[in-house]
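Quick note on labels: first sequence line is chain A, next is B, and so on, each numbered from 1. Keep in mind the model is a prediction, meaning the values are calculated, not measured.
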Amino acid sequence: MLNICFVWCRILTNVRFLFVGVVMNDAVFRKLTLLGEGAKYDVSCSSSGTARVNMGNIGSASCAGICHSWTADGRCVSLLKVLLSNDCLYDCKYCVNRRSANVERCTFEPEELADLTIEFYKRNYIEGLFLSSAVFGSPDHTAEQMLRCLYILREVYGFYGYIHAKVIPGVSPELLSALGLVSDRLSVNIELPSEKSLDLLAPQKKPKAIFAPMRQITQTQTEQKTLKSAGNMARLRPEGLNVSIGDGSLDDARALMAKNFSNIGNEVRVQTTSLPDIRRKYKEKFAPAGQTTQMIVGASPESDMQIIKMSEALYRKFSMKRVYYSAYIPVTDAPELPSRLAPPPLKREHRLYQADWLLRFYGYTAGEIFTDDEPNLDYDLDPKVIWALRNLKYFPIEINRASEEELLRIPGIGNVSVYRIMRQRKIASVKYDDLKRMGVVLKRAKYFLTCSGKYFGNCGFDPVSIRAALAGPEGAQLSLFDVRNSQNELSL
Amino acid sequence: MNYLYDGSFEGFLTCVYEHYYTERADGIFPEGAYQLDMTVRAMSVLSDEVKVQKVSGAIVSKISKYDMERIYRVFRTNEPDKEMKLLRYIVLGFGVARSGRNGGSIRLLHGNQTVLDVQKAEQRIGFEVHRLCGLIRFSAVRVDHPSQFVATQSGSGNKGGVVESGMMVAHGGNEILYARIDPDNDVLEFLAEHFSDRYKRNPFIIHDTKRGKALVSFNREWFITDFSSGDLLVDTDSEQDYQRLWKLYHEIMATKERTNPKCQKNFMPVRYWKNLTELQTFNLG
Ligand code: SF4
């Protein structure tokens with residue numbers, strides 16, 4: 001309790017009220033270069049998940065997420081993604097900013113970064129801010145500075161746009177609560193898919209320091225939901241959860257903010273919402289867009305199965321909104337790491353996202369996607385096709401009779417097509433020619449479906465033939481090889 | 001019969017009326033775009049308030065309110081021959097309604113070509129609107145002489161009125177935001193709510209240079225007006241600096257190991273580039 005009070009007092013008294021732009025100098029250009037560079041490997045850029053109108057001065061959030069630009073490597077730019085500092089205490093082996101690396105160090109002033117964010121936002125360059133940081137000073141000092149920047153944005157500029165804050169492992173619960181109240185989304189990076197790899201490559205990051213904030217975020221959100229609908233408490237509260245008092249609980253953070261706001265009343269109110277609005281605003285607004293996390297792929301030896309199982313656990317246990325995968329780009333030569341010349345495993349990253357997609361939107365489990373004999377994804381075909389080939393006994397599926405869940409299992413048919421098929425089925429039967437117009441990728445789907453009893457695949461209905469037909473000209477050789485192999489086995 | 005109309009939505013609805021009550025339409029064309037065709041008779045149609053009400057009322061009651069809005073959205077597209085595609089859609093809807101079924105159910109016929117044409121065109125404008133929500137770039141400008149431009153409401157809006165640049169500057173604390181666009185479809189109206197909410201304390205102008213009109217908004221109110229005086233606006237002192245910072249940021253965000261211009265162009269077609277700050281070379285300071 002004392003602790004938060006201390007934190008907020010420090011933050012609030014130190015805020016300089018800057019309504020005129022920070023004087024532009026070369027230092028800002030330099031900092032943006034270094035601190036943007038340092039943050040760019042963080043792949044979570046989505047701005048979706050919250051929708052709200054502008055109750056402050058500037059900004060709104062759109063549920064669908066808006067991309068503002070695309071970089072030369074074809075990635076969406078949605079948020080201003082920067083580090084507050086790259087002056088890191090830690091020495092994670094895979095990181096450009098590790099203590100032992102020889103790089104130029106710098107740190108944004110919270111005011112400076114808030115100003116830059118507003119000026120970018122005003123010009124419609126960005127949808128909001130993604131703020132991360134190296135650990136400078138200590139985890140709590142870092143979080144405090146981040147909080148100050150976000151606080152200025154929200155309360156001095158009345159910014160209602162999107163904010164995603166990265167949580168530094170080991171941060172105190174009080175600061176985490178406060179961060180959650182000014183952010184739309186929080187994320188704590190899991191970094192690596194196993195404790196062993198974490199220990200080897202990021203020795204200062206302890207699993208406990210990563211999972212504790214994750215758990216706190218999940219619990220706070222459950223708590224919030226529970227409180228919203230009285231009477232549901234018992235049902236919604238997961239086992240073992242205790243609503244903590246004085247341990248970063250929301251009420252504490254909220255009460256303190258209210259207290260501090262009234263102290264500085266006039267100054268803050270120059271352009272922003274009044275105190276009651278702030279109270280209302282904060283009522284149920286702890287990280288409304290939930291939490292996400294990120295895992296580095298290819299820096300450590302885990303199999304795809306281990307990675308996807310870890311994701312599955314994260315989705316279940318912490319109600320993660322998303323797990324992001326980042327193909328490791330070599331930054332240094334170290335015996336524990338892949339060679340500097342190794343290309344980033346982009347194909348693998350792509351297939352992992354597909355498998356993840358199956359978990360989240362198609363109702364697959366990690367146990368279905370992998371078998372013990374095949375702990376890695378097939379880089380030639382997507383995991384949905386692989387599952388279908390392995391389970392050909394459920395196919396072909398009849399378009400005009402199958403349930404939604406069954407339709408979703410057909411490769412080449414996505415959620416939108418299923419929706420359209422179900423809708424048309426209510427008033428007319430679906431013909432094969434209609435499927436293409438409904439967005440079905442027939443090239444893949446035709447092997448796995450029938451339409452009013454007719455099958456449209458043009459090869460034998462067995463895994464080997466379908467696989468060969470699907471693999472296309474490039475993969476064809478591989479598949480032929482497979483065919484020959486399996487024939488050999490047969491003749492043996 | 002070929003019907004020629006003034007290019008307005010009301011004019012189009014009047015043509016639909018004539019299709020039913022005068023003579024079947026072989027084609028419907030905006031007057032300026034019509035190429036004389038000797039084999040088909042042509043007739044100019046003047047927008048008629050009563051006929052417009054009749055047709056729009058019938059669409060809402062026999063088909064649905066949703067479809068009325070959909071028809072309006074598709075009318076704002078640059079879809080080739082959109083008038084006839086819409087007419088076929090309306091005819092289909094009335095036909096279904098006459099057979100005693102719910103006319104609004106036609107939108108479920110995802111496999112029907114007529115429905116598909118309309119659905120596709122609607123998707124395209126919806127997509128462009130969504131895309132522009134991200135791709136519009138504002139510059140902070142000041143207006144040196146308030147009398148230089150005066151915008152008067154001429155089209156739709158959520159509040160009407162006359163705006164002088166001075167009024168906007170008064171609201172925006174010495175600056176207003178100005179953006180140029182050159183969209184495929186006539187999208188200004190569909191951008192209005194998004195931006196006027198987002199920038200409610202920043203007066204702004206989105207100028208459609210292709211159609212010579214603009215969305216003018218301040219204090220949460222907006223309207224569409226004819227506009228051509230964008231050249232009179234002058235950048236604020238720090239504008240170039242922020243543009244350079246943005247361009248710098250955009251460049252460092254690309255990972256050189258992954259360069260993929262095809263992908264970039266796919267998301268951000270080259271025809272939009274001329275209004276994108278980050279892809280200009282002029283201010284590489
Ligand atoms: S904590 Fe580790 S990953 Fe984060 S900046 Fe420091 S060295 Fe890099």
Quick one: what part of [X] sits under 4.5 Å from any heavy atom of chain B, side chain, backbone, both or neither?
X: A/Leu80; value: both
X: A/Phe120; value: side chain
X: A/Lys122; value: both

Problem set entry | Which residues share a salt bridge (charged side-chain N to carboxylate O under 4.0 Å, His left out) with B/Asp81, sequence neighbours left out |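 Result, salt bridge (charged side-chain N to carboxylate O under 4.0 Å, His left out) vs B/Asp81: none returned.
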Exercise. Are the side chains of B/Gln119 and A/Arg420 in touch, meaning some heavy atoms are under 4.5 Å apart?
Worked result: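 They are in side-chain contact.
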For this session: Would you indicate whether the side-chain heavy atoms of B/Arg137 and A/His68 approach each other to under 4.5 Å?
Result: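 In contact.
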Under 6.0 Å from the [atom1] atom of [X], do we count more than 12 heavy atoms belonging to anything else shown?
X: B/Phe94; atom1: CZ; answer: yes
X: B/Lys210; atom1: NZ; answer: yes
X: B/Tyr66; atom1: OH; answer: yes

Distance check, rounded to the nearest 0.5 Å: [X] atom [atom1] versus [Y] atom [atom2]?
X: B/Asp197; Y: A/Tyr160; atom1: CG; atom2: OH; answer: 11.0 Å
X: A/Arg123; Y: B/Glu239; atom1: CZ; atom2: CD; answer: 4.0 Å
X: A/Thr33; Y: B/Leu248; atom1: OG1; atom2: CG; answer: 4.0 Å
X: A/Cys67; Y: B/His130; atom1: SG; atom2: NE2; answer: 7.0 Å
X: B/Leu245; Y: A/Tyr125; atom1: CG; atom2: OH; answer: 9.0 Å

Exercise. For the residue pair A/Ser69 and B/Glu278, what are the closest heavy atoms and their distance?
Worked result: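 So the minimum-distance heavy-atom pair works out to OG-OE2, 2.6 Å.
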For this session: Between chain B and each of A/Lys426, A/Arg423, A/Lys431, count heavy-atom pairs under 4.5 Å; write down the option with the most.
Result: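 Maximum pair count with chain B is reached by A/Arg423.
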Exercise. With respect to chain A, which residue among B/Tyr272, B/Phe138, B/Tyr249, B/Trp246 yields the maximal number of heavy-atom pairs within a distance under 4.5 Å?
Worked result: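 That would be B/Trp246.
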Exercise. Given a strict heavy-atom distance threshold of 4.5 Å, which part of B/Phe195 is in contact with chain A: side chain, backbone, both, or neither?
Worked result: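 The side chain, not the backbone.
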For this session: Using heavy atoms and a sub-4.5 Å threshold, report which of residues 102-117 of chain B line up against chain A, by residue number.
Result: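 Only B/Ser105, B/Arg107, B/Leu108, B/Leu109, B/His110, B/Gly111, B/Gln113, B/Leu116 of residues 102-117 of chain B have a heavy atom under 4.5 Å from chain A.
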Problem set entry | Donor-acceptor contact present, side-chain A/Asn124 to main-chain B/Leu135, <3.5 Å |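 Absent.
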Exercise. Is it true that the side chains of A/Tyr121 and B/Arg198 contain a donor and an acceptor less than 3.5 Å apart?
Worked result: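 Looking only at side-chain atoms, B/Arg198 and A/Tyr121 do form a donor-acceptor pair, the distance falling under 3.5 Å.
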